[in-house]
Amino acid sequence: EAQVTQNPRYLITVTGKKLTVTCSQNMNHEYMSWYRQDPGLGLRQIYYSMNVEVTDKGDVPEGYKVSRKEKRNFPLILESPSPNQTSLYFCASSLSLGRGTEAFFGQGTRLTVV
Amino acid sequence: GENVEQHPSTLSVQEGDSAVIKCTYSDSASNYFPWYKQELGKGPQLIIDIRSNVGEKKDQRIAVTLNKTAKHFSLHITETQPEDSAVYFCAASMAATDKLIFGTGTRLQVFP
């Protein structure tokens, strides 16, 4: 089954404690991205990757890091989480950057930073 | 900057009625407009999309219309059912950045 898998689904952490949210896709997609979803703000792109070892900032990259060492994996790293990073996070993959191809989303990770 | 505005933010309809969600975009060079449905506890899923060379597209009870001149596109759901209750996102591809920009979402509730 074609899917994007994120882990964990729920995470509560304390300010400043480094964490990683994993994302894996089994569709051999080149393009992967991370979004955060906040009430009234919709989906905002954090980082994206067009291929292995190629990553770039999205609209809200501050406080986040990513890596793309393998085509299927695209982890999101919060080196020093803060309460304003409390949000619902989605990983997505697609065949191309944005034009004309379906983006497949993971189930989401609800992060709470206290 | 590039943005997509979506209205309304919430929409409540009676089962069997129609629902319309509207979006406007800023980049006149945008050429791809997908709609995603997000059910509770799940990630968004593509339900229909339209490209700039087409004015309307239908798939059973859902349809999307595009007015390039006005930079508007809309999602129409007819004969709504309780399972249509979800959050709907519109999006537009931005030619300059070659990525999708999402609207802020519409929470649709269909009452039986």
Side-chain angles (χ1 to χ4, degrees), chain A residues 1-10 21 23-25 27 29-51 54-61 87-110, chain B residues 1-10 21-27 29-54 57 59 64 66 75 86-107:
Chain A
E1 180 189 356
Q3 60 184 5
V4 177
T5 304
Q6 289 178 235
N7 280 296
R9 292 290 310 276
Y10 303 91
V21 183
C23 174
S24 180
Q25 51 96 3
M27 294 167 280
H29 286 165
E30 291 190 347
Y31 182 69
M32 299 184 73
S33 59
W34 276 101
Y35 294 87
R36 60 177 289 173
Q37 182 179 355
D38 301 291
L41 297 176
L43 292 160
R44 294 180 294 167
Q45 192 180 59
I46 303 170
Y47 266 95
Y48 65 94
S49 169
M50 289 190 284
N51 214 325
V54 181
T55 64
D56 207 349
K57 296 178 181 179
D59 299 314
V60 288
S87 186
L88 179 59
Y89 292 87
F90 288 101
C91 178
S93 75
S94 58
L95 277 173
S96 71
L97 193 59
R99 282 183 279 178
T101 64
E102 179 177 358
F104 292 83
F105 285 82
Q107 294 279 69
T109 296
R110 185 166 292 282
Chain B
E2 303 164 336
N3 75 304
V4 175
E5 294 187 3
Q6 182 172 349
H7 298 281
S9 56
T10 61
I21 303 170
K22 298 181 179 181
C23 290
T24 61
Y25 58 97
S26 59
D27 183 1
S30 294
N31 59 7
Y32 176 63
F33 308 91
W35 285 88
Y36 284 81
K37 176 183 181 182
Q38 183 183 21
E39 297 178 341
L40 196 61
K42 296 184 179 181
Q45 188 169 11
L46 180 73
I47 55 171
I48 195 167
D49 57 15
I50 192 168
R51 301 176 193 276
S52 58
N53 59 346
V54 176
K57 184 177 179 180
D59 183 3
V64 57
L66 172 64
L75 178 71
V87 177
Y88 292 81
F89 290 99
C90 64
S93 67
M94 297 295 164
T97 57
D98 198 25
K99 67 177 185 181
L100 283 176
I101 303 293
F102 285 86
T104 50
T106 297
R107 183 173 298 278

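Only a predicted model underlies this, so the values are computations on that prediction, with no experimental measurement involved. The chains referred to below are lettered A, B, ... by the order of the sequence lines, with proteins before strands, and numbering in each begins at 1.
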Ala92(A) versus chain B, heavy atoms under 4.5 Å apart: side chain, backbone, both or neither?
neither
Restricting to side chain to side chain contact (heavy atoms under 4.5 Å, CB included), what partner residues turn up for Ala92(B), sequence neighbours left out?
Val4(B), Tyr25(B), Ser30(B), Phe33(B), Met94(B)
Is the number of heavy atoms from other residues, nucleotides or ligands within 6.0 Å of CD (Gln3(A)) greater than 12?
yes
Need one label for Pro34(B): side chain, backbone, both or neither, based on atoms under 4.5 Å from any heavy atom in chain A.
neither
Note: Asp56(A)-Lys99(B) ion pair, threshold 4.0 Å (strictly below)
no
Considering residues, nucleotides and ligands other than Arg107(B), do more than 12 of their heavy atoms fall under 6.0 Å from its CZ?
no
Is any side-chain heavy atom of Leu100(B) less than 4.5 Å from a side-chain heavy atom of Leu43(A)?
no
Please look at Asp59(A) and chain B and tell me whether the side chain, the backbone, both or neither of the residue comes under 4.5 angstrom of a heavy atom of that chain.
both
For Gln37(A), side-chain hydrogen bond (donor to acceptor under 3.5 Å, both in side chains) partners two or more places apart
Gln38(B)
The interface call for Tyr35(A) against chain B, heavy-atom contacts under 4.5 Å, is side chain
With a 4.5 angstrom heavy-atom cut-off, is it the side chain or the backbone of Arg44(A) that approaches chain B, or both, or neither?
neither
